[in-house]
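A, B, ... follow the sequence lines: proteins, then strands. Residue 1 opens every chain. Scope of the values below: all heavy atoms of this structure, side chains included, with no hydrogens, waters or symmetry mates.
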2 protein chains.
Amino acid sequence: MVTIYDIATKANVSPMTVSRVINKSGKVSEATRTKVEDAIHELNYIPNTSARYLTSKKSKILSLVITDITNPFFTKVARGAEDKAKQMGYSLLLCNTDEDINKESDYINMLVSTGVDGVLITPSQDKSKKNLRTLNKYNIPFILLDRKIDGIECDSVHGDSQEGTRKILEHLIDKGHRKIAIINGPLDVSTARERQKAYMETLRTYNLPVHEELILQSNYKNKDTNSDLSKLLSVQLEKRPTAIFAANNFIAINTIKELRKQNIRVPEDISVVCFDDLDPSIDLNPFLTVVAQPAYHFGFTGAQMLIERIEKTAPPDFRKIVLPSKLIVRNSSASAHI
Amino acid sequence: MVTIYDIATKANVSPMTVSRVINKSGKVSEATRTKVEDAIHELNYIPNTSARYLTSKKSKILSLVITDITNPFFTKVARGAEDKAKQMGYSLLLCNTDEDINKESDYINMLVSTGVDGVLITPSQDKSKKNLRTLNKYNIPFILLDRKIDGIECDSVHGDSQEGTRKILEHLIDKGHRKIAIINGPLDVSTARERQKAYMETLRTYNLPVHEELILQSNYKNKDTNSDLSKLLSVQLEKRPTAIFAANNFIAINTIKELRKQNIRVPEDISVVCFDDLDPSIDLNPFLTVVAQPAYHFGFTGAQMLIERIEKTAPPDFRKIVLPSKLIVRNSSASAHI
DNA sequence: CTGTTAGCGCGTTCAT
DNA sequence: ATGAACGCGCTAACAG
């Protein structure tokens with residue numbers, strides 16, 4: 001392994017001078033600088049991040065803690081974060097929590113152990129607060145992505161669940177739907193709470209009744225867990241929904257699969273819409289009506305704010321970025337027919 | 001920061017003993033072990049990976065170097081790799097090269113600098129050989145994923161391009177197609193070469209002529225670059241293809257988009273099929289006929305082999321795993337009608 | 001079974 | 001503008 005000592009010898013200077021050249025810190029004369037740089041190239045020197053970390057406490061590593069890279073929303077978040085990280089000279093560690101608080105805690109420990117400079121995190125649930133406190137304790141800055149945690153002060157990038165929910169429900173209401181069910185994520189996740197609240201508010205705004213039977217709980221994972229769906233469909237016909245609002249894309253997919261198993265057609269028999277888009281093939285066969293969020297920007301902007309925080313170029317006050325969502329009407333939603 | 005010295009003091013032992021407990025190395029009496037473990041928990045000690053690396057040269061970090069996490073194939077590869085890495089106590093650094101050799105070289109330097117224990121890499125092109133040599137030079141084991149590089153000895157996980165191509169072409173031939181075009185990736189990527197070779201062989205097997213005009217070059221990226229497509233469609237009618245085999249999913253998507261712009265219907269006017277599946281929404285509206293590869297297993301198996309290599313539990317001979325692909329017939333391919 | 005010594009590669013601090 | 005000494009947190013090698 002080539003060290004600064006090797007190139008110091010080669011360039012006839014002290015290791016300290018080499019260090020200064022590498023880090024562009026302190027004053028070095030033009031002459032010695034080029035001498036050192038030549039030696040660096042000749043010997044193919046690559047600095048050792050670990051050694052550097054030990055004294056400087058900077059690893060140049062960020063981490064992205066999300067629930068599942070397989071969800072197209074997070075895939076794009078990851079790409080955005082990685083692009084910005086690379087651009088700024090940082091690496092990105094990927095962590096999938098699967099909405100599991102224990103997995104998340106494991107990862108947080110790993111990240112502390114690794115000495116990452118900062119973390120972009122979509123907390124798995126409200127309990128994640130303890131993990132954020134751990135990061136605080138070790139002075140590791142973090143950005144909250146997509147989900148909020150009460151009582152935590154930090155920079156964040158969120159979507160507008162309230163606005164998005166309203167938009168997509170108005171679309172359904174426009175289409176004549178009056179009995180709209182929601183299949184939500186778990187209520188210990190902020191987005192699910194916000195979407196449920198907005199769901200109820202919007203219905204009230206349009207003088208539509210809120211039926212308890214039409215509010216279902218599921219989870220955000222890519223796993224069939226819609227056993228409740230049968231209940232929903234078995235309610236007396238007058239109350240049976242003509243449309244379903246799924247709180248995220250995975251829920252929508254599972255719901256539609258389940259409906260089809262039961263020979264219920266979408267959108268002829270029931271409309272299904274959701275939060276978050278599906279990529280990249282969705283244009284080929286436009287089907288699911290969604291409220292899309294600018295996922296790439298979640299990651300990109302989040303990484304940018306994080307790096308600014310790390311490098312102390314951020315404004316002292318924490319920034320809360322709210323990114324707009326966009327209604328995309330496709331074919332899974334049709335006019336109400338009952 | 002809590003160090004082994006702190007817990008050594010607390011437990012009334014030497015730092016070395018603490019180290020032994022943490023690493024389960026050497027002999028430690030049951031009594032002192034528990035004493036030390038208690039202290040570790042009380043003080044909430046988390047080992048410092050960098051310090052550990054400096055002496056042991058083990059970072060417990062792997063890297064996944066792929067072309068684009070946004071491609072559903074690689075999304076799943078990443079998930080598989082991350083799952084296995086986590087299970088074995090490793091972290092995963094994500095690198096997107098965008099098929100760009102310079103980006104790839106940048107990343108390789110970063111990885112050396114970071115001191116990753118091993119790399120899973122889909123080389124961007126044949127020129128990547130120099131980057132693999134760099135890894136060799138620094139004794140960083142790596143696994144080749146999906147693409148081969150001549151003259152490099154290492155473990156690898158590949159799909160069967162020959163078999164897959166044959167299967168999907170036979171499907172088209174069964175449907176009565178005799179003029180089948182290929183829109184391929186760049187020929188400095190092994191999979192593109194193999195698919196082209198298999199394309200020609202299969203046509204010959206079935207006594208079908210190979211027309212130069214029906215062989216197009218594109219790239220594997222998610223970017224519209226099918227300007228050649230017009231040429232393909234403007235050839236005299238007898239030679240005009242009734243089906244297109246796209247060498248990957250992104251090419252297929254771009255091709256279909258372009259066809260639609262020109263008001264050419266798929267599959268009524270022309271069939272389009274490709275290598276690699278689209279997830280996770282594809283089941284909702286089954287459209288693209290593909291040869292799917294077990295992407296998750298690429299990553300999972302690759303990570304497993306890599307870790308075995310790192311931890312010296314791998315067999316001395318390099319392993320070449322070939323994973324089977326599977327034809328999935330959907331609606332983008334129909335019977336030939338001309 | 002346990003402890004001591006030394007050094008990994010680098011940057012900080014203080015000199016010169 | 002440049003250098004020397006020290007220590008970051010940990011483990012390998014050796015002693016006891």
[X] [atom1] to [N] [atom2]: how many Å, rounded?
X: N12(A); N: dA1(D); atom1: CG; atom2: P; answer: 20 Å
X: D6(B); N: dG9(D); atom1: CG; atom2: P; answer: 9 Å
X: L54(A); N: dC6(D); atom1: CG; atom2: P; answer: 18 Å
X: K57(B); N: dC10(D); atom1: NZ; atom2: C1'; answer: 12 Å
X: I4(A); N: dG11(C); atom1: CD1; atom2: C1'; answer: 8 Å
X: M16(B); N: dG7(C); atom1: CE; atom2: P; answer: 16 Å
X: I22(B); N: dT2(C); atom1: CD1; atom2: C1'; answer: 15 Å
X: K60(A); N: dG9(C); atom1: NZ; atom2: C1'; answer: 18 Å

Within a 6.0 Å radius of atom NZ on K57(A), are there more than 12 heavy atoms belonging to other residues, nucleotides or ligands?
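For K57(A), atom NZ is crowded (more than 12 foreign heavy atoms under 6.0 Å).
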Are side-chain N/O atoms of E99(B) and S124(B) paired as donor and acceptor at under 3.5 Å?
no
For P47(A), answer base if it contacts any base atom (sugar-phosphate contacts may also be present), sugar-phosphate if it contacts only those atoms, and nothing otherwise; contact means non-hydrogen atoms under 4.0 Å.
sugar-phosphate
Nearest to the side chain of R20(A), heavy atoms from C-beta on, is which of dC10(C), dT2(D), dG11(C)?
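From the listed options, dT2(D) comes nearest.
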Is any side-chain N or O of [X] closer than 4.0 Å to OP1 or OP2 of [N]?
X: T3(B); N: dG9(D); answer: no
X: S56(B); N: dC8(C); answer: no
X: Y53(B); N: dC10(C); answer: no
X: T17(A); N: dT2(D); answer: no
X: N23(B); N: dT11(D); answer: yes

Would you mind checking if R33(B) and E37(B) are paired as a salt bridge, meaning a charged N to carboxylate O distance below 4.0 Å?
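The answer is yes: the pair qualifies as a salt bridge.
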R79(A) with D83(A): basic N within carboxylate O range, under 4.0 Å
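Salt bridge present between R79(A) and D83(A).
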Quick check on DNA chain C: between T55(B) and V28(B), whose nearest nucleotide comes earlier from the 5' end?
V28(B)
Where each residue is assigned the nucleotide of DNA chain D containing its nearest heavy atom, which of T32(A) and Y5(A) is assigned the position nearer the 5′ end?
T32(A)
Does NZ or CZ of K76(A) fall inside the cone over Y296(A)'s six-membered ring, less than 6.0 Å from its centre and within 45° of the axis?
no
